[in-house]
Amino acid sequence: MRSLESIQVNLISPFNSLQVLITISYTAKTHVQKVVEELDAPKSGLIYLRGFDEPLYPYSDQGPPFRQQRHFFYLSGADFPGCAVTYDIPRQELILWIRRNDPRLSLWYGTTPSIDESKSKSDVSDVRYIDGLTAYLHAVLTPENGGGGGPLYVLSPDQLPKLSPSPPQYSFFKGMHGSASRGLKIDTTSLLPAIEAARVIKTPHEISRIRRAVSLTSLAHRMVLQRIKHLTNEREAHAVFEGFCISQGAPHQSYAVIAASGPNASTLHYDANDEPLEGRQTMLLDAGCEWGCYASDVTRTFPLNGKWTKEGEEIYKVVERMQRECIDAIRPGRLYYKLHLVACLIAVEELMKLGILYNGTRSEILARGTVAAFFPHGLGHHVGLEVHDVSGRERLLLTGSTVSSSGVNSQRVPGFQEPRRRMKREQVTPEDLAAMYREAMMDRDDVEQNVVGPPPPYKGRQRLRENMVVTIEPGIYFHRPYIQSFFLSNPDHAKYINTKVLDKYWDIGGVRIEDCILVTKDGYENLTTAPKGKEALKIINAGIPGFGGDGQAGGGSS
């Protein structure tokens, strides 16, 4: 019987070279220089960001695990609480400010990185104790002390330095916008869009971290496939995935693991992960770990017993084609939203072949937007410090007036309130899809600013550029409440949906396939190596020699 340790060594060995690459100091100076360029290269001023402190739940002495503020990490590389970072633009001086290690706290919680340790992990100009920050800000920002007089760039008004007590010489911080009493300008609006624009194009160091995260995630997906026939509950698949990531030094997930079996796979962000696998056809596993604060995002769908049903295989092949043709079309300069339309065209064509969609031509059904009943979310998103990373001053897909701040389209249902949870995917309604289709048929780039282009502060739809990292994640879902409420009850859509054929597919739940794609100079590189398709079936059926009992799904391990 092979040990788990020997299996892990064999799987990990191709990636050992990445470990060396990740040990290079975080390239914070490169990032801050990109931000200054996005600020239109001012000749004076100071950038100030504060990191997060340890969080606590309301009315409790407990809190969630610490997670650093991502804009702050981008400019500092510091992943621990109680820090700040400043960048003196004319002096090109990037300073990380950290707390002193209090022996009383270290008794309970251990120590945070020292000055020397912090310098070794990031290429900042200097690391200093944060109790000297107030005097530094005063010296740098006031002209009478030789400073440049501002502006002071902060993310928002509530991010201004908290200087207390505030003696008279610090009165210039009282101004929130424009000129204060001593001529200091405080800019609370320019820094956020500048950082988000800078983060869109990844540096080589950032790509190395994302690559490592995706590599470990791909191996964790493989681990689940090897063991799935011996698992009896969704939570066990969750545990296998997350446990492997932890064992490889990646304790944080980019988002909550989705281990959805059968009909649960029709829920896009299912996270209960606590239902038995017995009697279920499929599992949709959407999970990705972080490495060095950088995310990954990978989804695989597979039959629990290693063999597709007729209907399951049909839907898998639809999604497989959607993803393959969209990935093959990736190249710099391509409008991403048109890739979404490619996926929709394929979905309509294939669902018509299966008889689920009928009573119209492909163009007619696409123009109506009815396929959004089965493909209700966007094709993908940026990946970086967030799993749904910032897109800068443009949007990959859409955010029109019909979409709420939660990311859920504000379709109204009598008796139901608008959802308030934030989503990592954008919902695409029939109206959104129909508008995108009309826009594409006009075939004019300038129309994208006027028809269904995103609202301010976004400037327009985004073209792919070299060193972007995006996901391609098409899916086909059979979520009964959604399809019945918005499509089968609407004659404009119901006439195109064959309910007799549809009834054969409800138990599948949903199929999604998702990879992380690096845009290269001439095309793309698929960073994801998690098995899919026939390779995944072979791994499921091979399992691990000598592992488990009878090799049957739900059989348990001996």
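Along the sequence shown, residues carry numbers from 1. None of the values given here were measured: they were computed from a predicted structure.
- Every ring-ring contact (aromatic ring centres under 6.0 Å, His included) that His493 has, sequence neighbours left out, goes to Phe487.
- Applying the ring-ring contact (aromatic ring centres under 6.0 Å, His included) criterion to Phe375, with sequence neighbours excluded, gives His340, His377.
- Geometrically, Arg209 does not engage Trp291 in a cation-pi contact defined by less than 6.0 Å to the ring centre and at most 45° from the axis.
- Asn233 and Glu275 share no donor-acceptor pair across their side chains, judged by distance under 3.5 Å alone.
- Tyr337 and Gln462 share no side-chain donor-acceptor pair at under 3.5 Å.
- Side-chain contact of Asp297 with His381: a donor-acceptor pair under 3.5 Å is present, judged by distance alone.
- Atoms CD1 and CG, on Ile258 and Asp286 in that order, are 4.0 Å from each other to the nearest 0.5 Å.
- When atom types are taken as modelled, the side chain of Ser254 and the backbone of Ser296 share a donor-acceptor pair closer than 3.5 angstrom.
- Gln281 and Thr309 share a side-chain donor-acceptor pair at under 3.5 Å.
- Counted by atom type alone, His238 and Glu242 present one or more donor-acceptor pairs between their side chains at under 3.5 Å.
- For the atom pair OG of Ser363 and OH of Tyr437, the computed distance is 3.5 Å after rounding to the nearest 0.5 Å.
- Side-chain atoms of Glu386 do not come within 3.5 Å of backbone N or O of His388 as any donor-acceptor pair.
- Every residue was checked against the ring-ring contact (aromatic ring centres under 6.0 Å, His included) condition with Tyr270, not counting sequence neighbours, and none meets it.
- Residues Lys538 and Glu535 are not paired through a salt bridge, judged by the lack of any N-O separation under 4.0 Å between the basic side chain and the carboxylate.
- One N or O on the side chain of Asp432 and one on the backbone of Thr429 form a donor-acceptor pair closer than 3.5 Å.
- Listed by chain and number, the residues in a ring-ring contact (aromatic ring centres under 6.0 Å, His included) with His382 amount to none (sequence neighbours excluded).
- A donor-acceptor distance shorter than 3.5 angstrom exists from the side chain of Thr282 to the backbone of Ile508, with no hydrogens or angles considered.
- Within the structure, the ring-ring contact (aromatic ring centres under 6.0 Å, His included) test picks out the following pairs touching residues 497-517 (sequence neighbours left out): Phe478-Tyr505.
- Contact check on Lys317 versus Glu350 returns no salt bridge, with no Lys/Arg side-chain nitrogen under 4.0 Å from an Asp/Glu carboxylate oxygen.
- Considering only residues two or more places apart in sequence or on other chains, Ile327 meets the side-chain contact (heavy atoms from CB on, under 4.5 Å) condition with Gln323, Ile472, Asp515, Ile517, Tyr524, Asn526.
- Side chain to side chain, Asn541 and Lys229 meet the donor-acceptor criterion of an N or O pair below 3.5 Å.
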